[in-house]
S.K.: 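I am attaching a structure below and will ask some questions about it afterwards.
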Amino acid sequence: MNVPDLSIVIPVYNEAGIVRAACEELCGKLDGLGWDYELIFAENGSRDETVRILEALSRERPRIRYLHEPAPNYGRALKHGILEARGRTVICDEIDLCDVSFYQRALPLLAGGADLVVGSKAMKGANDARPLVRRAATRIVTLLLRAATGFRGTDTHGVKAFVRDRIAPIAEVCKVERDLFASELVIRAQRMGRDVREIPIALREKRPPSIQLFRRVPRVLRGLVQLGWAIRFDR
Ligand SMILES: Nc1nc2c(ncn2[C@@H]2O[C@H](COP(=O)(O)OP(=O)(O)O)[C@@H](O)[C@H]2O)c(=O)[nH]1
Ligand SMILES: [Mg+2]
């Protein structure tokens, strides 16, 4: 089987409204750049037409495949996608972002020796167009992560790019699923001495998130406690 240079992993859940258009726009940009990539959609739990659309897209385009599981779980989907990725380089994106300008800025840093590049919504130079309450939530979660785990940085959620051999083995040992898996991955990489860098991103979502912020709060708080425990005591 032909192994691509780059694997792009995108978790998706109930995204029937945008997944086809976002996918076609993304593939159009990457094909225009002449890149050799595979695009892995890591779906789970959707109750709308997402799976049917992914199935059609993967038939139409040989670079696309998709993973499916019955229960919704962002972290589990992302981990599964990362472990399935075959490229030397892996990019994790979100279907409402598909930020190719991040890819173009992150890949040279990896080529220059970085192991993991995180797209930060909160550092100097970033431009986050989300509502104030969600920008504040990002900052609060980061502060709690710093207190709970010793994390040094401004953001862990969202787009990232990494050298597969340096980071996928860390994904495999991460313990926390759902919202905080991506945070655990970045924090473990940092604690294990990997070269982790942040670059600012401009954040423009193609649609508001499907799950309302306040409904995520209890789950994120539980995840923070689990993550603090896993990082500090349960290696
Ligand atoms: N597989 C999977 N993907 C999810 C889940 N929740 C969100 N996503 C995907 O994760 C990405 C980001 O989700 P979004 O709703 O925009 O939340 P945000 O990251 O807070 O902006 C999108 O591609 C979603 O489709 C889930 O439970 N399972
Ligand atoms: Mg979003």
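Since the structure is predicted, the reported quantities are computational estimates derived from the model, not experimental observations. Both ligands and their constituent atoms are indexed starting at 1 by order of listing.
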S.K.: In terms of side-chain heavy atoms, does Asn44 have a donor or acceptor partner in Tyr74 at a distance below 3.5 Å?
M.R.: no

S.K.: Checking the N or O distance criterion of under 3.5 Å, is ligand 1 in contact with Ile10?
M.R.: no

S.K.: With a 4.5 Å cut-off on side-chain heavy atoms, are Ile91 and Leu6 touching?
M.R.: yes

S.K.: Within the structure provided, determine whether Arg191 and Arg188 are in side-chain contact (heavy-atom separation under 4.5 Å).
M.R.: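 No, side chains not in contact.
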
S.K.: At what distance is the nearest protein heavy atom to atom 9 (C) of ligand 1, and which residue and atom is it?
M.R.: Pro11 O, 3.3 Å

S.K.: Please list, in number order, the atoms of ligand 1 under 4.0 Å from a heavy atom of Asn73.
M.R.: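 Reading through ligand 1 atom by atom, the close ones are 26 (C), 27 (O), 28 (N).
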
S.K.: Look at atom 17 (O) of ligand 1 and find which of Arg216, Glu205, Glu43 reaches it with the closest heavy atom.
M.R.: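 Residue with the shortest heavy-atom distance to the ligand atom: Arg216.
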
S.K.: Using heavy-atom distances, let me know which of Asp93, Asn44, Asn14 sits nearest atom 1 (N) of ligand 1.
M.R.: Asn44

S.K.: For atom 16 (O) of ligand 1, find the nearest protein heavy atom and state the residue, atom name and distance (0.1 Å precision).
M.R.: Asp96 OD2, 3.0 Å

S.K.: Among all protein non-hydrogen atoms, which one is nearest to atom 12 (C) of ligand 1, and what is the separation to 0.1 Å?
M.R.: Glu94 OE1, 3.2 Å

S.K.: Are side-chain heavy atoms of Leu39 and Tyr66 found at a separation under 4.5 Å?
M.R.: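 No - every pair of side-chain heavy atoms lies 4.5 Å or more apart.
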
S.K.: Can you tell me which residue and heavy atom of the protein come closest to atom 8 (N) of ligand 1, and the distance to 0.1 Å?
M.R.: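 Nearest neighbour among protein heavy atoms for atom 8 (N) of ligand 1, to 0.1 Å: Tyr74 CD1, 3.8 Å.
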
S.K.: Any side-chain donor-acceptor pair under 3.5 Å between Asp48 and Tyr13?
M.R.: no

S.K.: Can you spot which of Arg65, Arg63, Arg61 makes a salt bridge (charged side-chain N to carboxylate O under 4.0 Å, His left out) with Glu38?
M.R.: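 Only one option passes, and that is Arg65.
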
S.K.: Taking Arg130 for its side chain and Leu203 for its backbone only, find out whether a donor-acceptor pair lies under 3.5 Å.
M.R.: no

S.K.: Suppose I only count heavy atoms of Pro72 and a 4.0 Å limit; which atoms of ligand 1 are within that range?
M.R.: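 Taking each heavy atom of Pro72 in turn, ligand 1 has 27 (O) under 4.0 Å.
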
S.K.: May I ask you to check whether Ser46 and Glu15 show a side-chain donor-acceptor distance below 3.5 Å?
M.R.: no

S.K.: Counting only N and O atoms by type, is there a donor-acceptor contact under 3.5 Å from the side chain of Lys121 to the main-chain atoms of Gly158?
M.R.: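 No, Lys121 side chain to Gly158 backbone: no donor-acceptor pair under 3.5 Å.
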
S.K.: Please work out which of Arg207, Gln212, His157 has its closest non-hydrogen atom nearest to atom 13 (O) of ligand 1.
M.R.: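 Looking at heavy atoms only, Arg207 sits closest to atom 13 (O) of ligand 1.
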
S.K.: Report the part of Arg178 in contact with ligand 1, treating N, CA, C, O as backbone and CB onward as side chain, heavy atoms under 4.0 Å; options are side chain, backbone, both, neither.
M.R.: neither

S.K.: Under 4.0 Å from any heavy atom of Ala77, which atoms of ligand 1 are there?
M.R.: 1 (N)

S.K.: Can you tell which of Pro209, Ala71, Gly75 gets a heavy atom nearest to atom 15 (O) of ligand 1?
M.R.: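 Of the listed residues, Pro209 has the closest heavy atom.
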
S.K.: Hey, does Ala42 come in under 3.5 Å of ligand 1, counting only N/O atoms on both sides?
M.R.: yes

S.K.: Any side-chain heavy atom of Asp99 sitting closer than 4.5 Å to one from Glu94?
M.R.: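 They are not in side-chain contact.
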
S.K.: Any idea which atoms of ligand 1 are less than 4.0 Å away from a heavy-atom of Glu15?
M.R.: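 Answer, ordered by atom number: 22 (C), 24 (C), 25 (O).
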
S.K.: Do the non-hydrogen side-chain atoms of Val117 and Phe162 ever get within less than 4.5 Å of each other?
M.R.: no

S.K.: Please tell me if the side chains of Phe102 and Ile199 come closer than 4.5 Å, counting only heavy atoms from C-beta onward.
M.R.: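 They are in side-chain contact.
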
S.K.: Suppose I only count heavy atoms of Arg134 and a 4.0 Å limit; which atoms of ligand 1 are within that range?
M.R.: 18 (P), 20 (O), 21 (O)

S.K.: Considering only protein heavy atoms, which is closest to atom 5 (C) of ligand 1, and at what distance to one decimal place?
M.R.: Tyr13 CB, 3.4 Å

S.K.: Should we count CZ of Arg88 as having more than 12 external heavy atoms under 6.0 Å?
M.R.: no

S.K.: Quick one: are Leu33 and Gln104 in side-chain contact, heavy atoms under 4.5 Å?
M.R.: yes

S.K.: For the Mg ion (ligand 2), which protein N/O/S atoms fall under 2.8 Å? Skip waters.
M.R.: Asp96 OD2, Glu205 OE2

